[in-house]
Amino acid sequence: MKYLQEYRDPATAKKLVAAIKTAATRPWKIMEVCGGQTHSALKYGIDQLLDGVIELIHGPGCPVCVTPIEYIDKALAIAQAPGVIFCSFGDMLRVPGSASDLLGLKAQGADIRIVYSPLDALTLAQQNPDRQVVFFGVGFETTAPATALAAYQARQLNLENFTLLVCHVRVPPVIEALLHSPSNKVQGFLGAGHVCSIMGYHEYLPIAARYRIPIVITGFEPVDLLQGLYMTVQQLEEGRFEVENEYSRVVKEQGNLPAQELLLKVFDTVDRSWRGLGPIAGSGLALNADHDDWNAEQRFPVAGIATQESPLCRSGDVLQGLIKPTQCPEFGVRCTPDKPLGATMVSSEGACAAYFHYRIHPHV
């Protein structure tokens, strides 16, 4: 139970709450970047324990939530193509596209399968040489190496019936985009521990210096979050703007170098649109020229698909930290986990889902 019980210890948590309240001379607005951190903060009531001392702003760190609707619509189009086995992580099946979702197509007979790794999809392709197998690769730098490995192995095997629909995104550019925004109110960040376990945190050093903002790389247990918040408050109160690492048991400054080398072999950095946030320069990863034969967007006619977002959904404002989920008029009314208007209500890491489960219907 090492690295679990000690990070859920009530006595340690109480001491940290008291330390934060003592250190803070004014209310501070701090964004937890990762959706996993959002769920932990609400599950353990950290936002309520620090009410009036720290306002937690929920960031765009949910991979399912930020996948743009155009890629959902591309996934829907490919999944309906004859002879296709379409593979995805489970959370993606209920994310609304312009007219439907993958789960709806599956109910109508499309061969859509939930996999736990891109390599599972690659194995499916080897087992079904007469079918086209497509994997939907989404998420941050955390999941991108597994997608890269699948593309790399497909190229090594010259596997002709396997392609990837790739919509991976990078965290540092979206942090800079939020800080650039004239509506920004974030004064400090809890950095996403999982992402930094792959990429390290050296990319955040120039951001902290340029925007004079503290960034503390933080884990996901309650003591992790409270320690990260305490370190952030200490910096704010002392006028320091540094990158610190609360999650040192997992994260090293340079990260996982073999994983980073694999990303460089397979992907190019590209501009990408984020759902609710719009286009962000340099924020995406796309298959490079050496792996373009395994690019589903090249093999299937999905260019130019017209998209339409629900005009009722305010997930973009939630993802930018401009409103809390409960400030959306549709929250819990016309938008629920059973009938979501947007991805933030669907995903297991979505902020709207967190508020629905931990604040509105804690027993659902």
Side-chain angles (χ1 to χ4, degrees), residues 26-35 37-38 54-71 138-142 144 167-196 199-218 228-229 232-233 235-236 239-244 267-286 309 313-325 327-328 342-344 349-351:
R26 50 176 283 197
W28 294 105
K29 301 179 189 300
I30 299 174
M31 173 177 279
E32 80 278 1
V33 172
C34 178
Q37 294 170 335
T38 301
I54 292 174
E55 179 187 348
L56 286 177
I57 299 175
H58 314 308
C62 165
V64 173
C65 302
V66 300
T67 301
I69 193 168
E70 66 193 83
Y71 271 85
V138 304
F140 297 92
E141 297 95 325
T142 320
C167 190
H168 283 293
V169 288
R170 302 174 58 238
V171 170
V174 76
I175 287 181
E176 291 213 66
L178 292 172
L179 291 170
H180 266 304
S181 170
S183 58
N184 172 59
K185 56 182 181 180
V186 178
Q187 296 169 301
F189 284 100
L190 299 186
H194 287 163
V195 168
C196 293
M199 302 305 294
Y201 57 87
H202 55 283
E203 294 178 286
Y204 299 95
L205 298 174
I207 297 175
R210 187 179 309 129
Y211 295 94
R212 296 176 60 78
I213 191 159
I215 302 174
V216 178
I217 312 305
T218 307
L229 289 169
T232 308
V233 168
Q235 285 201 46
L236 289 165
R240 293 186 290 117
F241 311 103
E242 302 169 2
V243 178
E244 293 182 301
F267 293 132
D268 284 337
T269 297
V270 298
D271 299 343
R272 174 139 297 148
S273 286
W274 295 50
R275 195 164 193 168
L277 301 174
I280 300 175
S283 68
L285 296 172
E309 291 270 15
C313 182
R314 296 190 63 188
S315 61
D317 292 336
V318 172
L319 290 167
Q320 295 177 72
L322 300 179
I323 64 168
K324 292 288 192 293
Q327 293 174 286
C328 172
T344 48
E349 294 189 3

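- The main-chain N or O of G282 is found under 3.5 Å from a side-chain atom of D271 such that the two form a donor-acceptor pair.
- No side-chain donor-acceptor contact under 3.5 Å links E242 to the backbone of Q235.
- When every heavy atom of V138 is checked against every heavy atom of H168, the shortest pair comes out as O-CE1, 3.0 Å.
- The side-chain heavy atoms of C167 and P68, taken from C-beta on, include a pair separated by under 4.5 Å.
- Under the 3.5 Å distance criterion, the side-chain polar atoms of E349 are left unmatched by any main-chain donor or acceptor of P63.
- Although no hydrogens or angles enter the test, the distance criterion places no donor-acceptor pair under 3.5 Å between the side chain of T344 and the main chain of G342.
- Nearest heavy atoms, P27 versus Q187: O-OE1, 4.2 Å.
- Summarising the geometry of C196 relative to Y201, their closest heavy-atom pair is SG-CB, 4.4 Å, with the distance given to 0.1 Å.
- A pairwise comparison of heavy atoms in L178 and N184 identifies O-CB, 3.2 Å as the closest pair.
- Side chains of S283 and E176 form no contact here, defined as non-hydrogen atoms less than 4.5 Å apart.
- With Q37 contributing its side chain and G191 its backbone, the two residues share a donor-acceptor pair below 3.5 Å.
- Of the possible donor and acceptor atoms, one in the side chain of R272 sits under 3.5 Å from a partner among the backbone N and O of L285.
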